[in-house]
2 protein chains.
Amino acid sequence: MNKSKQPTIKEIAKRLKISTSTVSRALNNHPSIGLVTTMRVKKLAEELNYEPNRTAIFFKQRKTFTIGVILPSLSEAFFSAAISEIENYANSKNYTVILGQSLDDPERELKIINTMKTHRVDGIILSSAKNTREFDYIDVLKNAGIPIVFFDCVPDIPNINAIVSNLKTGMLQAIDTFVSCGHQSIAFINGPGHLPASKEREGAFIKGLTNNNIPINRDYIVYTDLSEQGNEDAIIKLVNLIDRPSAVVSFNDYVTLDAMNAVRKKGLIVNQDIYFISYANYPIWKYMENPPMASIEQLPGEQGAKASQMLFDLIDINVEGDSDDKSAIQGQKIVLESKLVNQHL
Amino acid sequence: MNKSKQPTIKEIAKRLKISTSTVSRALNNHPSIGLVTTMRVKKLAEELNYEPNRTAIFFKQRKTFTIGVILPSLSEAFFSAAISEIENYANSKNYTVILGQSLDDPERELKIINTMKTHRVDGIILSSAKNTREFDYIDVLKNAGIPIVFFDCVPDIPNINAIVSNLKTGMLQAIDTFVSCGHQSIAFINGPGHLPASKEREGAFIKGLTNNNIPINRDYIVYTDLSEQGNEDAIIKLVNLIDRPSAVVSFNDYVTLDAMNAVRKKGLIVNQDIYFISYANYPIWKYMENPPMASIEQLPGEQGAKASQMLFDLIDINVEGDSDDKSAIQGQKIVLESKLVNQHL
DNA sequence: CTGTTAGCGCCTTCAA
DNA sequence: TTGAAGGCGCTAACAG
């Protein structure tokens, strides 16, 4: 009933009239301890319901067996899928995950990073807020010896560890799909221009059109800040063009959702007057009466798993090689392919 | 560059030729320390980039300033909303949140609880897996001095701390709404019979019909195990009845999604041949061309906030009153109202 | 106002 | 194969 009666190694030692070091060693299966003593210790530990005090171990080992994961938002399906895999991986290594939502606010993001730093996490996985521009924390963390792995939204900075998805393949497939369905006026709602992910998408978009001998029409490329209003404004701009496009690739499925709503309000019919393809392959599509023609799967689960794997490699190196051979793995980037998934239209 | 050079309180003491306790006190703004020394200490700490070693503090204080949150799934909008608020609340108290997804698997749930226990979290907020039947861990945690607050899915056990939502009000409103739109054959897709939440809903359903002088038709109450298949089977059973109901209340929005898909496959038209109302007020409805007529808002954010508040009250009591006055607050239940939200049909 | 001392629970040399 | 002793970084009596 009383919480203070948690048995310790000392208690066991006293009862068994042996030293604490012997108990410690027995509990950790140290080879130099006699089988009998080991058994006796373990038996009593069992009876007493002994559990090692992790906080003491953390302290002693200078490790917390905890990793931090910072994401813009848990409610986006992409991120909840990613974190599930991260959690799985971490648990399999007997690590715990602590969580932070930046809500795409750079200040909040920084605050979370600092909290995690003071909590001495052993490593961090981060999908940056969309409009973070300052990345000084990277050096701070490096100095603190905390490895960090980026994924999804990765800053354009040399020598960082990251998992990124190849946005190009998906875009090219999207355009080919549109073209093969007879579309020639294809537009693109891109995200904020400063994001590497936006640049990559835009390059691929242009490439895709060129591949299909479609001239580039600058009016067909619009931008959104990813807010609901921004998304609506973007699609409205396209819809109001004299030569309204018949097909739209958009930055991601959330943009598409808002765009579809706006389009309907204008009296147009989705999948008849105008067609969509976007990134993320949002699971809700299967419940929509008029989903996009296709969606580009970005494999959040795999990204999460790979990111975890990379992070644990870095953590292990940190522990073993106390030297600088950690630089060996520093600045690694893994690229995952994206691929188009057709919806059942 | 080297991680081992983290300055400690000792280092500061040595440089300033004062004792470590003075440094410690100065850093913690202890009133009995001279202003000058305090300033000198703080200045040097700043210069040295000193940061307290939390693991040492955790160890010393026998607290981790960490709470555990266990949820069936992060991808459900209800839970991601709840956890956002929990996180906010915890952060405002300088606590960190560690996270676990049970995926509605009782074994996994138990494993997470144990991990959190060995990690010595200061408290736990738990929305139980739908089919957990063993609650022995409640006593285990109590013995370990770890308070626990349930929310959303709360076991039917006396003397537990919980936040629950009043499912009755919402159900009565739902039925009144249906009736006032002319519906007389109203059916109900309930969740697993063993859940308290199912019993409460069913009681209210019957009450609602009675209030409106509608006779109870047992065929109009069906059950699902909440799997996609179960959801489909349930609605199909209703749709195949000779006197097919024109209105359906369902356990939650996810059930409704599957039901709508199944109904459409049968050639029926939602919001014309058959109408829906369900629990949860899933944010995606605003993007659907045919959302349910209404949805019962369960205020996940508020539930999360209240749960956090209750948990921190328990934690504080644990710390201050080392005696049993914790029983004073033991077994508290807070009920939040649910209310119907009409969709823009 | 400040220093001394002791100890949280565990692990790990070093010595026997 | 075992014990004794020391220390991780910090806080908190108890003394001055």
Side-chain angles (χ1 to χ4, degrees), chain A residues 2-42 44-45 48-65 117-120 122 144-145 319 322, chain B residues 3-42 44-45 48-65 117-120 122 144-145 319-320 322:
Chain A
N2 223 314
K3 68 175 293 191
S4 44
K5 76 152 198 291
Q6 286 268 26
T8 74
I9 217 174
K10 204 167 164 185
E11 173 73 13
I12 299 182
K14 195 162 64 183
R15 297 215 191 194
L16 256 35
K17 296 197 208 310
I18 56 179
S19 77
T20 58
S21 15
T22 307
V23 176
S24 171
R25 284 190 274 245
L27 255 15
N28 293 308
N29 298 314
H30 192 104
S32 76
I33 297 291
L35 190 61
V36 264
T37 8
T38 304
M39 294 305 275
R40 287 201 331 135
V41 169
K42 290 204 171 173
L44 184 57
L48 256 42
N49 235 309
Y50 168 80
E51 279 198 57
N53 182 338
R54 299 277 164 195
T55 63
I57 297 176
F58 295 166
F59 173 45
K60 180 91 221 228
Q61 322 255 257
R62 295 138 164 291
K63 284 193 66 180
T64 53
F65 299 96
K117 181 169 154 249
T118 62
H119 269 257
R120 294 277 215 276
D122 295 336
V319 169
D322 232 331
Chain B
K3 66 175 294 190
S4 45
K5 73 149 201 289
Q6 286 268 27
T8 73
I9 218 175
K10 205 167 163 185
E11 174 73 13
I12 298 182
K14 195 163 63 182
R15 295 214 194 195
L16 256 35
K17 295 196 211 308
I18 57 179
S19 79
T20 58
S21 22
T22 306
V23 176
S24 170
R25 284 191 274 244
L27 255 16
N28 292 308
N29 298 313
H30 192 104
S32 74
I33 297 290
L35 190 61
V36 264
T37 11
T38 305
M39 294 305 276
R40 290 202 327 135
V41 169
K42 289 205 171 173
L44 184 58
L48 257 40
N49 235 308
Y50 167 81
E51 279 200 56
N53 182 338
R54 298 276 163 195
T55 63
I57 297 177
F58 294 167
F59 173 44
K60 176 93 219 217
Q61 320 258 261
R62 290 138 164 293
K63 285 193 64 180
T64 54
F65 299 96
K117 180 169 154 251
T118 63
H119 269 256
R120 294 278 216 276
D122 295 335
V319 169
E320 286 150 26
D322 231 332

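Computed over heavy atoms, backbone and side chain alike; hydrogens, waters and symmetry mates excluded. In what follows, every chain begins at residue 1, and chains take the letters A, B, ... in the order their sequences are listed.
- Summarising the geometry, atom CD1 belonging to B/Ile18 is positioned 10.5 Å from atom CZ belonging to B/Arg25; distances are rounded to the nearest 0.5 Å.
- In this structure, A/Glu11 CD and A/Thr20 OG1 are separated by 13.0 Å, a value rounded to the nearest 0.5 Å.
- Checked against side-chain contact (heavy atoms from CB on, under 4.5 Å), B/Ile57 has the following partners two or more places apart in sequence or in another chain: B/Pro52, B/Gln61.
- Following rounding to the nearest Å, B/Lys63 (NZ) and D/dA12 (P) show an atom-to-atom distance of 13 Å.
- Considering only residues two or more places apart in sequence or on other chains, A/Arg120 meets the side-chain contact (heavy atoms from CB on, under 4.5 Å) condition with A/Thr64, B/Gln6, B/Asn53, B/Thr55.
- Qualifying side chain to side chain donor-acceptor pair (under 3.5 Å) partners for A/Lys14, counting only residues two or more places apart in sequence or in other chains: none.
- When DNA chain C is scanned in the 5' to 3' direction for atoms under 4.0 Å from non-hydrogen atoms of chain B, the outermost contacting nucleotides are C/dC1 to C/dG9.
- As a whole-Å value, the separation of B/His30 NE2 from D/dC14 C1' is 13 Å.
- The residue among B/Thr22 and A/Thr22 whose nearest nucleotide of DNA chain C is located toward the 5' end is B/Thr22.
- A donor-acceptor pair under 3.5 Å is absent between the side-chain atoms of A/Asp122 and the main chain of A/Lys63, judged by distance alone.
- Within the 4.0 angstrom heavy-atom criterion, only backbone atoms of the sugar-phosphate kind lie near B/Thr37; the bases stay farther away.
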So which protein nitrogen or oxygen atoms get under 3.5 Å of nucleotides 7-10 of chain D's nitrogens or oxygens?
residue : atom : partner : partner atom : Å
D/dG7   : N2   : A/Lys60 : NZ           : 2.9
D/dC8   : O3'  : A/Arg62 : NH2          : 2.8
D/dG9   : OP1  : A/Arg62 : NH2          : 2.3
D/dC10  : OP1  : B/Tyr50 : OH           : 2.5
D/dC10  : OP1  : B/Asn53 : N            : 3.2
D/dC10  : OP2  : B/Ile9  : N            : 2.7

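- Partners of B/Ser19 under the side chain to side chain donor-acceptor pair (under 3.5 Å) rule, at least two apart in sequence or in another chain, are B/Ser21, B/Thr22.
- Atom CG of residue B/Asn49 and atom CG of residue B/Leu44 lie 11.0 Å apart, to the nearest 0.5 angstrom.
- Scored by the salt bridge (Lys or Arg N to Asp or Glu O under 4.0 Å) test, A/Lys117 finds B/Glu51 as partners (sequence neighbours excluded).
- Here B/His119 and A/Phe58 bring their ring centres to under 6.0 angstrom of each other.
- When rounded to the nearest whole Å, the span between CZ of A/Arg25 and P of D/dA5 equals 14 Å.
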Can you give me every donor-acceptor pair (side chain of residues 33-41 of chain A, partner residue at least two apart or in another chain, under 3.5 Å) with its distance?
residue : atom : partner : partner atom : Å
A/Thr37 : OG1  : A/Gly34 : O            : 3.1
A/Thr38 : OG1  : A/Gly34 : O            : 2.8

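- Inter-axis angle, ends of the helix from C/dC1-D/dG16 to C/dA16-D/dT1, five pairs per end, rounded to 10 degrees: 40°.
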